[in-house]
Visitor: 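First, the structure itself, so that you have it in front of you.
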Amino acid sequence: MANDDQFKKVISHAKEYGYVFQSSEIYDGLSAVYDYAQNGVELKKNIRDYWWKAMVQMNENIVGLDAAIFMHPTTWKASGHVDAFSDPLIDNKDSKKRYRADVLVEDYCLKIEAKIEKEVKKAEKRFGEAFNKEEFLSTNGRVVGYQEKIDSILKRLGQSLENEDLADVKALIEELEIACPVAGSRNWTDVKQFNLMFGTKLGASAESAMDLYLRPETAQGIFVNFLNVQKTGRLKIPFGIAQTGKAFRNEIVARQFIFRMREFEQMEMQFFIKPGTQKKWFEHWKETRMKWHLSLGMGADNYRFHDHEKLAHYADAATDIEFKFPFGFKELEGIHSRTDFDLKQHEEFSGKKLQYFDQEDKESYTPYVLETSIGLDRMFLAVFSNALVEEELEDGKTRTVLRLPAVLAPVKAAIFPLLAKDGLPEVAKQIVEDLKWDFNVAYEEKDTVGRRYRRQDANGTPFCITVDHDTLEDNSVTIRHRDTMEQKRVKIEDLKDIIKAEVDVKHWLQRMK
Ligand code: ATP
């Protein structure tokens, strides 16, 4: 399948260009754990900064926090994670492979969705310019039938999970005749719940050691600090607390590269609001977060909302922003209206009041919470997989180019001397010295300039700057643009402004307006 090939290319390109490595590779790796290499760490940091800037710096009523990974174990009783943070798992008795029962069903639906896409492509070809996708999706008998099937399967799955009717989840898998992808058989065990939290111990002696969990989400660090931050920051509702950091989940089926990891990073924001205003704020954050995604220019067609049928125990509304990964549309970010569930639970378990006194209305209340939660690693995968393209050139050759949004690219410019002699390296190195105060830049002198261009294209570097013999006379250099491959002669002193105009966060974030 073409998409499988694309995904394989993404994984090998990420390794070859120093973006993502398997953890502990020399020991054959650790399943679903990855390390970010020299370029990956920069791309990840740039994504994190882009989020932080949009969330914290651009909103005067949102502040940051960096809570510890270890938290008092009662936190996880209060939050419901000890009792309910589990996934339904099912084993195939022949292959002995373990699956998430809900994912098996969802994957089945994805296959039906692929059939819809096929019909759309066929119709597009047939009708040409006159093709109206919306109309086609709502009137074509076959497509409508497929969509109804998907809807009814997902509805039943949602209801069975909500009612904890695991026998019905198994029945659904059997009725749909879903087979194990490895064994090909339908010899399934019953569906069971499996808690995803990692346990560890705090303390030196066996008797006094305390059982702890590695946090499975960063949100609870925000809830338990809610009053401290509100009081010391003299914050008035509505206000938000944002944080980025590691989270850990013992995922049953951890595959799809960095899409589902056991150790990953989240970027979360909890927005505290007056009860009764949650609908308005839910819409506000849906729209705002989508604008943030679109500001990166990765194509509006690659995103969609998926409203939840099955709501978590704490939520009164929830939606996912899904992205079109190489393996189909999948959750990238969650937006949840969490009511006062978390603060009330922490009040109950800690015995401490976690209320807000509204000066204007002269009343105390437990705020409601609107949450936006995005996986940094998933965002990395979205950006990276979307950027990697094989491009046909006019001369019939192809080039591999990583069209990363320039604001996120690890290296903003690579500086080359045309030849590694005649004083050209010295001038190129001086340009590096001058530019490195403002941008992450690289110096390269090996191979022909053509090969250096190709390497930087594949690395995602937006600009290449070449110093040649004319530079020594007129202080000008050739600047080449990654996406257009256009080359221009410019003055060395103008380089900083030219690069800044394309990579500056402000230039990109302003598109959110
Ligand atoms: P999924 O249904 O894919 O397991 P989730 O609904 O459990 O995700 P949330 O608990 O809402 O996810 O977490 C918020 C975000 O954190 C997700 O949208 C995703 O981007 C990210 N995330 C969650 N689990 C993982 C993981 N195992 N690896 C990488 N990112 C993750």
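We count ligands from 1, going down the list as the structure has it; atoms in each ligand are counted the same way. Just so we're clear, the structure is a prediction, and the values are computed from it rather than from any experiment. For the single chain, residues carry numbers from 1 onward in sequence order. As a basis for the values below, the full set of heavy atoms in this structure was taken, side chains included, without hydrogen atoms, waters or symmetry mates.
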Visitor: Give me the residue, atom name and distance of the protein heavy atom closest to atom 22 (N) of ligand 1.
Guide: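 Looking at atom 22 (N) of ligand 1, the protein heavy atom closest to it is Phe264 CE1, 3.5 Å.
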
Visitor: What is the nearest protein non-hydrogen atom to atom 19 (C) of ligand 1, stated with its residue, atom name and distance?
Guide: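 Protein heavy atom at minimum distance: Arg378 NH1, 3.5 Å.
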
Visitor: Phe259 ring centre to Arg378 NZ or CZ under 6.0 Å, with the angle to the axis within 45°?
Guide: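 Checked: cation-pi criterion met.
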
Visitor: Is a side-chain donor or acceptor of Gln243 paired with a backbone partner of Ala67 at a separation under 3.5 angstrom?
Guide: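 At least one qualifying donor-acceptor pair exists.
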
Visitor: Decide if the gap between the ring center of Tyr19 and the ring center of Phe384 is smaller than 6.0 angstrom.
Guide: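 That pair passes the under 6.0 Å test.
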
Visitor: Report the nearest protein non-hydrogen atom to atom 6 (O) of ligand 1: residue, atom name, distance rounded to 0.1 Å.
Guide: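 Result: Glu331 OE1, 3.2 Å.
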
Visitor: Run down the list Met261, Met379, Glu371, Gln256 and name the one with the heavy atom closest to atom 26 (C) of ligand 1.
Guide: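 Ranked by closest heavy atom to atom 26 (C) of ligand 1, first place is Met261.
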
Visitor: Return yes if some donor-acceptor pair links the side-chain N/O of Tyr368 with the main-chain N/O of Ser337 below 3.5 Å, else return no.
Guide: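 No, Tyr368 side chain to Ser337 backbone: no donor-acceptor pair under 3.5 Å.
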
Visitor: Distance under 6.0 Å and angle within 45° of the ring axis: does Arg289 meet both against Trp292?
Guide: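 Yes - Arg289 lies over the ring of Trp292, closer than 6.0 Å to its centre and within 45° of its axis.
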
Visitor: Counting heavy atoms only, name the option from Arg249, Glu265, Glu333 that's nearest to atom 24 (N) of ligand 1.
Guide: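 That would be Arg249.
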
Visitor: Does the ring of Phe329 carry Arg304 above it, NZ/CZ under 6.0 angstrom from centre and within 45° of its axis?
Guide: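 Yes, Arg304 and Phe329 form such a contact.
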
Visitor: Mind checking whether His336 has a heavy atom under 4.0 Å from ligand 1?
Guide: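 Judged by the 4.0 Å heavy-atom criterion, His336 does count as contacting ligand 1.
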
Visitor: Regarding Arg511 and the six-membered ring of Trp508, is the cationic atom NZ or CZ under 6.0 Å from the ring centre and inside 45° of its axis?
Guide: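 Geometry flag: set, cation within 6.0 Å and 45°.
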
Visitor: Is the contact between Leu332 and ligand 1 made by the side chain, the backbone, both, or neither, using heavy atoms and a 4.0 Å cut-off?
Guide: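 The backbone, only.
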
Visitor: Identify the closest protein heavy atom to atom 21 (C) of ligand 1: which residue and atom is it, and at what distance?
Guide: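 Result: Gly375 CA, 3.6 Å.
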
Visitor: Can you report which non-hydrogen protein atom sits closest to atom 29 (C) of ligand 1, along with the distance?
Guide: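 Looking at atom 29 (C) of ligand 1, the protein heavy atom closest to it is Phe259 O, 3.3 Å.
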
Visitor: Identify the closest protein heavy atom to atom 13 (O) of ligand 1: which residue and atom is it, and at what distance?
Guide: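 Of every protein heavy atom, Gln266 NE2, 3.4 Å lies nearest to atom 13 (O) of ligand 1.
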
